[in-house]
Amino acid sequence: MKSKRQGKILELIRKNEIETQEELSEYLKQEGFPVTQATVSRDIRALKLTKVALKDGRQKYAVLSEDTKDMTAKYARVLKDGFVSMDMAQNILVIKTVSGMAMAVAAALDAMQYHEIVGSIAGDDTIMCAVRTVEETGVLMGRLQKILERV
């Protein structure tokens with residue numbers, strides 16, 4: 001549940017300009033994650049989120065970019081924790097996950113910014129990634145397999 005919630009937090013801060021822990025808590029509750037302020041605070045520390053300035057003077061949460069290597073390791077752990085299998089259908093990569101983990105794994109893949117992935121859709125236990133070409137789908141599968149073996 002923790003890695004799923006943290007994956008959702010990463011997704012939410014990428015898609016929204018979230019300024020406060022209370023606002024983040026509300027977004028999480030709307031997504032079905034009943035959280036306390038203390039839990040949100042711990043997740044913010046664990047994910048090493050920071051506040052960055054917006055053009056209008058307000059601030060929002062963002063992933064601390066200085067620690068990219070550590071964050072990549074966290075995303076790789078989310079991938080490994082949720083991963084069951086993968087297969088390809090032309091330029092579509094289908095990843096099966098543990099039940100309830102597809103959104104967290106998809107958020108981790110998005111955060112890892114693979115240039116091969118044009119976009120992804122996550123259900124409960126399945127992710128469909130649209131990949132640029134058939135060849136790049138094979139390359140991406142190889143890259144993911146190396147990460148899964150390493151973590």
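For the numbers below, each heavy atom of this structure counts, side chains included, while hydrogens, waters and symmetry mates do not.
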* Asked: Yes or no on side-chain contact (heavy atoms from CB on, under 4.5 Å) for L144 and M86, after CA distance, side-chain angles and deciding distance?
  -> CA-CA 9 Å; L144 293 175; M86 66 181 153; 4.1 Å; yes
* Mark yes when over 12 heavy atoms from residues, nucleotides or ligands other than I121 sit less than 6.0 Å from its CD1; otherwise mark no. => no
* Crowded around M128 CE? As in, over 12 foreign heavy atoms under 6.0 Å? ->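 Incorrect, the count does not exceed 12.
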* Asked: Can you list the residues that meet the side chain to side chain contact (heavy atoms under 4.5 Å, CB included) rule with S85, with sequence neighbours excluded?
  ->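 K96.
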* To do: Verify the distance criterion only: is there a donor paired with an acceptor across the side chains of Q37 and Q21 at less than 3.5 Å?
  => yes
Where do [X] and [Y] come nearest, in terms of heavy atoms and distance?
X    : Y    : result
V40  : S25  : CG2-OG, 3.2 Å
A102 : G123 : CB-O, 3.2 Å
G82  : V105 : CA-CG2, 3.9 Å
A111 : R14  : CB-NH1, 4.1 Å
T97  : V84  : C-CG2, 3.3 Å

Is the backbone of [Y] close enough, under 3.5 Å, to the side chain of [X] for a donor and an acceptor to pair up by distance?
X    : Y    : value
S120 : C129 : no
R150 : K146 : no
N91  : V131 : yes
K74  : A46  : yes
D87  : V94  : no
K60  : K51  : no
R77  : S3   : no
T137 : T133 : yes
T39  : V35  : no

* Check the pair T126 / I95 against side-chain contact (heavy atoms from CB on, under 4.5 Å), numbers first and verdict last. => CA-CA 6 Å; T126 305; I95 299 173; over 6 Å; no
Could you tell me the separation between the [atom1] atom of [X] and the [atom2] atom of [Y], rounded to the nearest 0.5 Å?
X    : Y    : atom1 : atom2 : value
L24  : I18  : CG    : CD1   : 5.0 Å
N16  : E19  : CG    : CD    : 11.5 Å
M103 : M101 : CE    : CE    : 11.5 Å
L10  : K15  : CG    : NZ    : 12.0 Å
L28  : L12  : CG    : CG    : 5.5 Å
Y61  : E17  : OH    : CD    : 14.5 Å

[X], [Y]: one ILVMFWY side-chain cluster at the under-4.5 Å cut-off?
X    : Y    : answer
L109 : L148 : yes
V134 : L140 : yes
I127 : V139 : no

* Is it true that E31 and K8 have a side-chain N and a carboxylate O under 4.0 angstrom from each other? ->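 Judged by the 4.0 Å cut-off on N to carboxylate O distance, E31 and K8 do form a salt bridge.
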* Would you call E116 and R143 a salt bridge, using N to O less than 4.0 angstrom? -> yes
* Could you check V52 against Q59 for side-chain contact (heavy atoms from CB on, under 4.5 Å), going step by step and ending with a plain yes or no? => CA-CA 5 Å; V52 296; Q59 294 184 333; over 6 Å; no
* Would you call M112 and I147 a side-chain contact if the rule is heavy atoms closer than 4.5 Å? -> yes
